[in-house]
Amino acid sequence: EEEAELAAEDARESAPDLTPPDDGAEIAELKDKLLRALADMENLRRRGQKDREDALKYAASNFARDMLPVADNLRRAIDSLPDQGEAGIEAMKSFIEGIALTERELLSTLERHGIRKIEPMGEKFDPQFHEAMFEAPVPGAEPGTVFQVLEAGYVVHDRLLRPAKVGIARAAPAPADPG
């Protein structure tokens, strides 16, 4: 009998503890884990939605970048034609009107897709949207302002597609004192 009691005591000591844990602490821990998992899922959902929106919003960027030289060439063609005084002025006017109409249609199409032309003539130089090609003294112009636009810039929604290439005014040198 004594051996049976010792064996039973040994079995009790080696058996796993089957007493229920503190239910309040376990519930609090599980609730915390659940709330963290829910927050992670919500953050993941929001991030995925933002990525989808950005993909749709900026999908035309490569297309637009490829179309910009076309717009530039149309503008150059318009600018290179003589204003008056040559034979065939009426034919030349029709040509100019056709090119100008094509340029307007192109720019209108780009704007429908969220691509906007920026022409900073007279604005303060902004390195976020402008690329300075040169700086020159310009009498009467405020230093640091754009006085010549060599190539227009473009933005797609709120992102820069191409900076405007500009000439920047600097302070004109003071006249030399003749004395």
Side-chain angles (χ1 to χ4, degrees), residues 36-175:
R36 287 177 189 273
L38 289 173
D40 286 344
M41 290 303 295
E42 181 62 19
N43 289 338
L44 184 62
R45 185 193 64 77
R46 283 188 192 143
R47 196 173 317 120
Q49 183 176 349
K50 171 125 177 53
D51 290 347
R52 275 192 309 277
E53 288 171 0
D54 281 352
L56 289 173
K57 193 174 182 181
Y58 300 109
S61 293
N62 288 335
F63 161 75
R65 193 172 290 113
D66 291 342
M67 291 300 296
L68 297 181
V70 175
D72 293 337
N73 288 334
L74 281 172
R75 172 52 37 203
R76 287 184 191 106
I78 293 169
D79 291 343
S80 71
L81 293 172
D83 290 335
Q84 58 191 9
E86 296 191 16
I89 289 179
E90 287 305 312
M92 197 62 83
K93 284 182 182 177
S94 295
F95 176 74
I96 292 169
E97 288 173 14
I99 290 179
L101 181 64
T102 303
E103 181 190 34
R104 281 194 303 272
E105 180 64 25
L106 173 65
L107 293 175
S108 171
T109 300
L110 291 174
E111 282 192 33
R112 277 197 307 273
H113 290 278
I115 299 148
R116 187 175 43 86
K117 184 177 184 179
I118 49 176
E119 290 191 64
M121 183 64 84
E123 293 179 7
K124 194 80 171 153
F125 175 75
D126 181 355
Q128 297 290 325
F129 296 100
H130 311 146
E131 181 180 342
M133 302 306 290
F134 62 91
E135 191 175 26
V138 179
E142 185 179 330
T145 59
V146 174
F147 78 92
Q148 185 176 3
V149 178
L150 303 171
E151 201 170 77
Y154 291 85
V155 292
V156 58
H157 297 286
D158 60 344
R159 285 188 188 167
L160 183 66
L161 194 56
R162 181 181 77 187
K165 294 181 180 177
V166 298
I168 307 299
R170 72 169 176 235

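Residue numbers count from 1 along this sequence. Hydrogens, waters and symmetry mates play no part in the numbers below; they use all other heavy atoms, side chains included.
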Rounded to the nearest 0.5 Å, what separation is found between the [atom1] atom of [X] and the [atom2] atom of [Y]?
X    : Y    : atom1 : atom2 : value
L44  : R46  : CG    : CZ    : 11.5 Å
R45  : D40  : CZ    : CG    : 13.5 Å
M67  : Y154 : CE    : OH    : 10.0 Å
F125 : R170 : CZ    : CZ    : 14.5 Å
I118 : H130 : CD1   : NE2   : 5.5 Å

Under 3.5 Å donor-acceptor pairs involving side-chain atoms of residues 157-165, not counting sequence neighbours:
residue, atom, partner, partner atom, Å
H157, NE2, K57, O, 3.4
D158, OD1, Y58, OH, 2.3
R162, NE, A152, O, 3.4
R162, NH1, D72, OD2, 2.8
R162, NH2, D72, OD1, 3.3
R162, NH2, D72, OD2, 3.2
R162, NH2, A152, O, 2.8

Checking side chain to side chain contact (heavy atoms under 4.5 Å, CB included) for the pair E131/M133: CA distance, chi angles, key distance, verdict?
CA-CA 6 Å; E131 181 180 342; M133 302 306 290; 3.8 Å; yes
Does [X] reach the side chain of [Y], with side-chain heavy atoms less than 4.5 Å apart?
X    : Y    : answer
Q148 : F134 : yes
E142 : K124 : yes
P120 : D126 : no

D51 and R47 ion-paired at < 4.0 Å:
no
Let me check something: any side-chain donor-acceptor pairs from residues 101-108 under 3.5 Å, sequence neighbours excluded? List them with distances.
residue, atom, partner, partner atom, Å
T102, OG1, G98, O, 2.8
E103, OE1, R75, NH2, 2.7
E103, OE2, R75, NE, 3.3
S108, OG, R112, NH1, 3.3

Hey, mind stepping through I168 and T145 against side chain to side chain contact (heavy atoms under 4.5 Å, CB included) and telling me if it holds?
CA-CA 6 Å; I168 307 299; T145 59; over 6 Å; no
Looking only at heavy atoms, which two atoms of A169 and F147 are closest? And how far apart?
N-CD2, 3.5 Å
